**Student:** 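Dropping the structure in here first, questions after.
Order of appearance sets the numbers: ligands from 1, and atoms from 1 within every ligand. None of these values were measured; they are calculated from a predicted model.
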Amino acid sequence: MSECIFCRIVKGEIPSRKVYEDDDMLAFHDINPVAPVHFMIIPKKHVDSLAHVTGEHVPVLGKMLAKAGALAREQGSPEGFRTIVNTGRIGRQDVYHLHIHVIGGTQPLPRMIAKE
Ligand code: 5GP
Ligand code: ZN
């Protein structure tokens with residue numbers, strides 16, 4: 001999956017503003033933030049989406065979620081945040097490398113999603 005843009009970010013072939021990195025996952029700021037705090041947490045090992053997750057991904061998914069709160073606080077979202085995992089065509093996923101959006105700031109976000 002070398003053409004995958006998030007795999008290329010993992011490899012350092014595309015620059016990103018890193019928030020956190022360890023052996024299994026990477027967090028980096030969204031290039032087009034929708035709120036004062038908006039970064040994504042991704043597994044380093046490619047998986048297309050949440051719909052493609054199997055048992056082998058459970059440990060890394062747990063690590064990603066477990067890290068979200070501390071990273072959100074560090075990045076300036078001290079009283080909570082929103083996590084979004086857009087999945088597939090229905091979920092309007094644009095980049096097919098699983099990612100958890102972490103969105104927040106110091107003011108409450110709009111409620112959930114708007115009706116179209
Ligand atoms: P999705 O719609 O798949 O849930 O979200 C993909 C996100 O990736 C979008 O919010 C978009 O702004 C972000 N994005 C797309 N390309 C890049 C990139 O090259 N670098 C970074 N940092 N974010 C990107
Ligand atoms: Zn990838």
**Student:** Nearest 0.5 angstrom please: D30 CG to R17 CZ, how far?
**Tutor:** 10.5 Å
**Student:** Measure the spacing between OG1 of T83 and CD1 of I100 and express it to the nearest 0.5 Å.
**Tutor:** 7.0 Å
**Student:** In H46, the N, O or S atom nearest to the Zn ion (ligand 2) is which?
**Tutor:** ND1
**Student:** Report yes or no: does H101 have a heavy atom closer than 4.0 Å to ligand 1?
**Tutor:** yes
**Student:** For E21, I'd like to know if atom CD has over 12 heavy atoms of other residues, nucleotides or ligands within 6.0 Å.
**Tutor:** yes
**Student:** Hey, is K67 close enough to E74 for a salt bridge, meaning N to O under 4.0 Å?
**Tutor:** no
**Student:** Any idea which atoms of ligand 1 are less than 4.0 Å away from a heavy-atom of R92?
**Tutor:** 2 (O)
**Student:** To the nearest 10 degrees, how large is the angle at the Zn ion (ligand 2) between H97 ND1 and C7 SG?
**Tutor:** 110°
**Student:** Quick one: do D24 and K44 make a salt bridge, cutoff under 4.0 Å?
**Tutor:** no
**Student:** Is ligand 1 less than 4.0 angstrom away from at least one heavy atom of I9?
**Tutor:** yes
**Student:** To the closest 0.5 Å, what do you measure between CG (N86) and CG (L50)?
**Tutor:** 10.5 Å
**Student:** Indicate yes or no: does an N/O atom of I5 lie under 3.5 Å from an N/O atom of ligand 1?
**Tutor:** no
**Student:** Side chain, backbone, both or neither: which part of F28 comes within less than 4.0 Å of ligand 1 when only heavy atoms are counted?
**Tutor:** side chain
**Student:** Just need the protein heavy atom nearest to atom 6 (C) of ligand 1, so name the residue and atom and give the distance.
**Tutor:** H99 NE2, 3.6 Å
**Student:** As an exercise, identify every atom of ligand 1 less than 4.0 angstrom from a heavy atom of Q93.
**Tutor:** 3 (O)
**Student:** Taking only heavy atoms of M40 into account, list the atoms of ligand 1 that are under 4.0 Å away from them.
**Tutor:** 7 (C), 8 (O), 13 (C), 23 (N)
**Student:** Roughly how far, to the nearest 0.5 Å, is SG of C4 from CD1 of I14?
**Tutor:** 8.5 Å
**Student:** Is the centre of the F28 ring less than 6.0 Å from the centre of the Y20 ring?
**Tutor:** no
**Student:** Under a 4.0 angstrom heavy-atom cut-off, which atoms of ligand 1 come close to N86?
**Tutor:** 1 (P), 2 (O), 4 (O)
**Student:** Number the atoms of ligand 1 from 1 as they appear, then name those within less than 4.0 Å of a heavy atom of N32, with their elements.
**Tutor:** 12 (O)
**Student:** Could you check atom 10 (O) of ligand 1 against the protein and tell me its nearest heavy-atom contact, residue, atom and distance included?
**Tutor:** D30 OD2, 2.5 Å
**Student:** For atom 24 (C) of ligand 1, which protein heavy atom lies nearest, and how many Å away is it?
**Tutor:** I31 CG2, 3.5 Å
**Student:** I would like to know whether H29 and H38 meet side chain to side chain donor-acceptor pair (under 3.5 Å); could you show each step before the answer?
**Tutor:** CA-CA 6 Å; H29 292 281; H38 185 177; over 6 Å; no
**Student:** Does ligand 1 come near enough to H38 that some N or O of the ligand is less than 3.5 Å from an N or O of the residue?
**Tutor:** no
**Student:** Determine, using ring centers only, whether H97 and H99 are less than 6.0 Å apart.
**Tutor:** no
**Student:** Of all the non-hydrogen atoms in the protein, which one sits nearest to atom 22 (N) of ligand 1, and at what distance?
**Tutor:** H29 O, 2.9 Å
**Student:** Got a sec: does the NZ of K45 have more than 12 other heavy atoms crowding it under 6.0 Å?
**Tutor:** no
**Student:** Compute the shortest N/O to N/O distance between D94 and ligand 1 and return yes if it is under 3.5 Å, no if not.
**Tutor:** yes
**Student:** May I ask whether F6 has any heavy atom positioned less than 4.0 angstrom from an atom of ligand 1?
**Tutor:** yes
